[in-house]
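Following: one structure in structure tokens, then a few remarks.
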Amino acid sequence: MKAYIITGGKRADSGKRVPIAALEEMRTLYERNQADVSEAKSGRTDLIFLIRFRHCCLLRNQRCIVAYLYDRLLRIRALRWEYGSVLPNAIQFHMAAEEVEWFNRYKKSLATYMRSVGGEEGLDLTQDIKPPKSLYIEVRCLRDYGEFEIDDGTTVLLKKNSQHFLPRWKCEQLIRQGVLEHILS
Amino acid sequence: MCWSTSGDRLCLSLFVQGSKLEIPMWLAKGLHDSKRRLISVELPKIYKEAWRTVFSADANVVDLHKMGPYYYGFGSQLLNFDNPENPEIAQTILQTFISRFRRIMDSSQNAYNEDTSGLVARLDELERALFQAGQKGLNDFQCWEKGQASQITVSSLVQNYGKRKFTEMDG
């Protein structure tokens, strides 16, 4: 169980498979303890140690599982800020249904909050994470992406290695996702 | 981790009063009870008097990574077991940290773009984390000085996934 925590990525397993072995073990421990507690009550005080020992193991397993799930949740939350509001399929595939739902609720929460600050239109807090120096920036395309529409209606073809001069706010997300590269002049 | 089967057998041998065993810290904490005296804990040698004297003489020369890489954390947890030497142990841990801290802070703030393995080799995990925090501050500052602070970068999560199977994804 601890091995999973240390290797840690979300790729290590979906939110389901890993804790199952640990949960099975917990169930066995608990049942054995239940049996022994009733025996201990009827006089066998030598069992107290064994019961206590199993209880410690149960708590330990619980703590490991909770730590693992919490770590996953923190990474999922970070994805909203660093990647965007739409998760790629490859990642969603490795998430448990509850985690996807958590992500959606977090998204909604964040959107509500952002709408409530900064006046009428709200404020997109996920933009301009680095202080902007200019309205337009030079970018290079790192892989084939396809057509990309800018605000004035024109489209740009993002092919691998092509360079463009584009509005910063449109590119920010693509740069964070690794599609484009921000070039400083 | 198969506690249920081997664990029961472990328990039966623990049961023999006076037997000595090595068990993980979380188990010792769980079994410890000041009223019932189920177990008694023996201090690991680096927390005992002999080593405590070494630490008070000069804490900077000790290889804390070799001496169990979690000297501070583990030492703090050791205080849970009502040992009569607890005040001395606590004091030693604190003083050790104080005397080593200055060097860690200095080196982390001055080693820019170089191999730091020599500097961190003898630090325990807590100190290594501090060192890393110092390095990050230094690197961020240098980045700002070079005018790169406004450059938008790839998210680190994306970079790590990219090293695995990101190519199967369509843009």
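In what follows, chains carry the letters A, B, and so on, assigned in the order in which the sequence lines appear, proteins first and then strands, with residues in each chain numbered from 1.
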Original post:
Is the number of heavy atoms from other residues, nucleotides or ligands under 6.0 Å of A/Lys108 NZ greater than 12?
Top reply: no
Original post:
Got a sec: does the OH of B/Tyr112 have more than 12 other heavy atoms crowding it under 6.0 Å?
Top reply: yes
**OP:** Take atom CH2 of A/Trp81 as the centre, draw a 6.0 Å sphere, and report whether it contains more than 12 heavy atoms from other residues, nucleotides or ligands.
**Re:** yes
Original post:
Can you tell me how far the CE atom of B/Met25 sits from the CZ atom of A/Arg60, to the nearest 0.5 Å?
Top reply: 11.0 Å
Original post:
Any chance CD of A/Glu121 has more than 12 other-residue heavy atoms, nucleotides or ligands included, within less than 6.0 Å?
Top reply: no
Original post:
Short question: side chain of A/His182, backbone of B/Ile152 - any donor-acceptor pair under 3.5 Å?
Top reply: yes
**OP:** Over all heavy atoms of both residues, which pair between B/Thr153 and A/Lys130 is shortest? Give the atoms and the distance, please.
**Re:** OG1-NZ, 3.2 Å
Original post:
Counting only heavy atoms not in B/Tyr70, do more than 12 sit closer than 6.0 Å to its OH atom?
Top reply: no
**OP:** Identify the two heavy atoms, one from A/Pro131 and one from B/Ala149, that lie closest to each other, and give their separation to 0.1 Å.
**Re:** CD-O, 3.8 Å
Original post:
Going from CZ on A/Arg52 to CG on B/Leu27, what distance comes out if it is rounded to the nearest 0.5 angstrom?
Top reply: 10.5 Å
